[in-house]
Amino acid sequence: MTILGHITPEVINIFLSEAADLLGQWDEACFSLENNGDAREALLWVSRSIQSLRRASRGIGLEDFAQTLNTTDEYLRLVLRSGSISAGDVSATLMLTHNVLSRWIVGLRADAAYREDVTELNDSIRQQKASVQEVLDEERKLADARSVSLESGETQEDDQARSAARDAAVKSLVESGANAVLAQSDERIQQLIDLVARISTQQSSVETAAARVDIVSPQLKRMIGNTSRMIADLCEAAVSLRLVPIDGLFERLAVFAVESAQCKGAAIQVDYDGQTTLIDKESLGSLWEPVSKLIRWMVETSFESPEERVRSGKLPMGVLRISAHAKNSVVRIVLEDDGRGQGDGDSTPGGQNLRSFVDAARSMLRELSATLSVHSAVGRSTRIEITVPAAPRLIDLVTVNCNEQPYAIARHALEEVIDPGSFSTHILRGDKQLIEFNGKLFPFVTLVELLEKTPTAVRRRVQATVAIEKGHVLLVRIGRDTIAVGVEQIVRTIRTLVTPPQPHLDGVKGLSGTFISGTGEPVLVVDILEIAASFIGNGQEREVA
Amino acid sequence: MNHSQLAEIKATEKFLLFRFQGELYGTVLNAVREVVPFQTPRAVPNTKKNFLGIVNLRGEIVSVIDLRLWFTDEKQNARRSTSRALVVVESSAGVVGVAVDQIEGVCQLDKNEIESPTGMPGEIAAGGMVGIGKFRQGLATLLDLNVLCGALVLAPESRERLAG
């Protein structure tokens, strides 16, 4: 790529913006051409736009770019002179040129952005150097003054105080400089993580394709395995670049909880655990709002007054425990109180119940592909567990087939994946089912039934349960309850970058995002905890128990 | 759509014409991002009947909607696919593909050849209809796909959020 050293970034940006506009209008011309065999007007328009672009690109020294345009223009003139237009061929040629130019524009934009970044960084370095020079000048002046003051009988303590102030000033400058560099690096680190996620997705597709081929040489298998491991390491390394300790969030939450309780006339004690747990910097910033919302519910509704607590046989001061720990590329944050808890139907004086707080928090957490589960025992306690991926949106997913369609579920939301034949089923009255696994019984529901609460889905459930012994079962833990969810087939496990739901899918229950699989198909990521919680909320597990 | 939206149309405007259930419809060409061949969408549970699903459009997830229910409310036919093209628009609800049966082409029309939707039932007039255009192919119902997609796709809470 040509580096346009002698042209200012502003001029390049103007050129790129105009070029992108013209290319955008090409689409229109190509469309006319495809639908109208004699689209001479469209061709003339394209030819004129090519000439204008060619002149502009020569003006800023983009000879290769201009040459590509020239070739296409000559071809168009030939077509126009010949009189007979083969719409398909011309359209294909135009689209080809369009694609080549679009790629150029993307490259040039990146180049221009890089040059702007470098200029900004150099400015920042110059400013820092100037600041350091100021400090050194100041120090020189102080040294001169000290020699004068010592001569005039000033004490050594005064001198030490001035020295400490100077050190603090230098430290502050160094820190501000370090922060400036970090702020510039954030975007680059995100680009690296995105790229690694795409490589990881691609690698999963290669693995799947290789698994489908009957004869794969052992050497190729080994190479694929090694590449997968290296990509997993690369992923970990890329993600770790943005990890910061969670303690800052914990401290803010504790202050918030204690102050909120004081406003309400209650007294609570906050206990921490795992404040050195590392979490992604972006996730940390996004956690405050949903977590503080949940703590507000605990303080305003769950904690009783000291008198009421004593009457219930509890200590007068309530305890809020906040803990975090990291495992398998996810961070689990647990909020637990020893308050009165809340049933589904109970409300706060403001009219909001636990479910509405949880729904609001869950919606905020969706951006991070985080999941949330709640267990509230009336009269005893409430436990809220939030699971956040190590890097926002880069998560390990289990892809499953359900109703002949692929879905994905976050691996961290599953307790266990049970293979066919490792469990037995028991049917109760009214179509309710249980499965028995490792000597324990779990209420059973199919993923189809959880996803689509329609009569058709229920019919499908009956059909599905007939064949469920041939399928897999996923154990999902909601608070202290565990349910078994039946799927037709586990396809594979994949680490990929999940896109949050588009605005039009935002209100869809149970959908936490989408991603595009290696085969190009869009796949829905299901928030299994949300839809399973509604199953629990229906009281089915209690009925079974 | 209403009179004020009709007023936004320029004196001479290009329209993309398409057929849907045999009838001719049009939309302002500038509002259309692109037209692509129809792809079978991936169904999304718990969505409205006219939401056919999502497709991958060059790495971008695009929602696909069916206009059939907006016009006829024939729920039985909602999933029957006679669609051959997707008209892709960037609506307030994100990028949306509208499934149509056939693309007729691009035609230019003077504003005075557009009849305002006066006399239409209020719901239709407010739901994305600009008016009736007189083209050489015949009369076409002119739609504002941006408004229509927003109304058809979004859940009420998302609509409120975007409006807010």
Side-chain angles (χ1 to χ4, degrees), chain A residues 24-37 39 41-42 99 102 198 201 359-360 363 402-407 447-454 456-457 498-511 513-517 519-526 530-531 534, chain B residues 14 16-18 29-30 32-37 39-49 51 53-65 85 87-88 90-97 102-108 149-163:
Chain A
Q25 290 169 30
W26 271 28
D27 282 341
E28 223 176 273
C30 290
F31 181 78
S32 295
L33 207 58
E34 277 175 4
N35 289 281
N36 183 357
E41 193 191 334
N99 291 344
S102 297
R198 285 207 294 276
T201 310
D359 284 347
S363 160
C402 168
N403 201 17
E404 295 170 1
Q405 179 168 320
Y407 290 95
L447 185 57
V448 180
E449 193 185 0
L450 286 179
L451 288 171
E452 301 177 31
K453 289 169 190 159
T454 61
T456 329
V498 174
T499 314
Q502 290 71 28
H504 42 265
L505 294 175
D506 206 13
V508 178
K509 196 129 184 135
L511 181 67
T514 52
F515 76 95
I516 293 170
S517 71
T519 56
E521 291 173 306
V523 179
L524 300 172
V525 182
V526 174
E530 184 180 10
I531 51 177
S534 64
Chain B
K14 280 183 178 173
L16 174 75
L17 294 182
F18 56 88
L29 188 65
N30 277 342
V32 176
R33 196 177 86 172
E34 60 186 312
V35 177
V36 294
Q39 307 173 35
T40 307
R42 171 81 66 215
V44 180
N46 301 323
T47 45
K48 293 180 178 180
K49 291 277 183 195
F51 189 87
I54 52 173
V55 293
N56 168 16
L57 189 61
R58 297 190 298 276
E60 185 179 14
I61 302 277
V62 172
S63 298
V64 179
I65 61 162
V87 177
V88 182
E90 285 178 16
S91 74
S92 54
V95 184
V96 178
Q102 193 185 334
I103 298 291
E104 281 290 318
V106 176
C107 287
Q108 201 159 293
C149 291
L152 285 176
V153 172
L154 287 179
E157 60 270 34
S158 305
R159 259 203 305 270
E160 279 165 23
R161 190 165 45 74
L162 286 173

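Within every chain, numbering begins at 1; the chains are lettered A, B, ... in the order of the sequence lines, protein sequences first and strands thereafter.
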Backbone N/O of A43(B) and side chain of Q405(A): donor-acceptor pair under 3.5 Å: yes
Portion of V32(B) that has a non-hydrogen atom of chain A nearer than 4.5 angstrom: neither
Contact origin within E60(B) toward chain A - heavy atom pairs under 4.5 Å: backbone
Test log, rule side chain to side chain contact (heavy atoms under 4.5 Å, CB included), inputs I61(B) and T499(A): CA-CA 9 Å; I61(B) 302 277; T499(A) 314; 5.6 Å; no
Considering all heavy atoms, the nearest R42(B)-P522(A) contact: NE-O, 3.1 Å
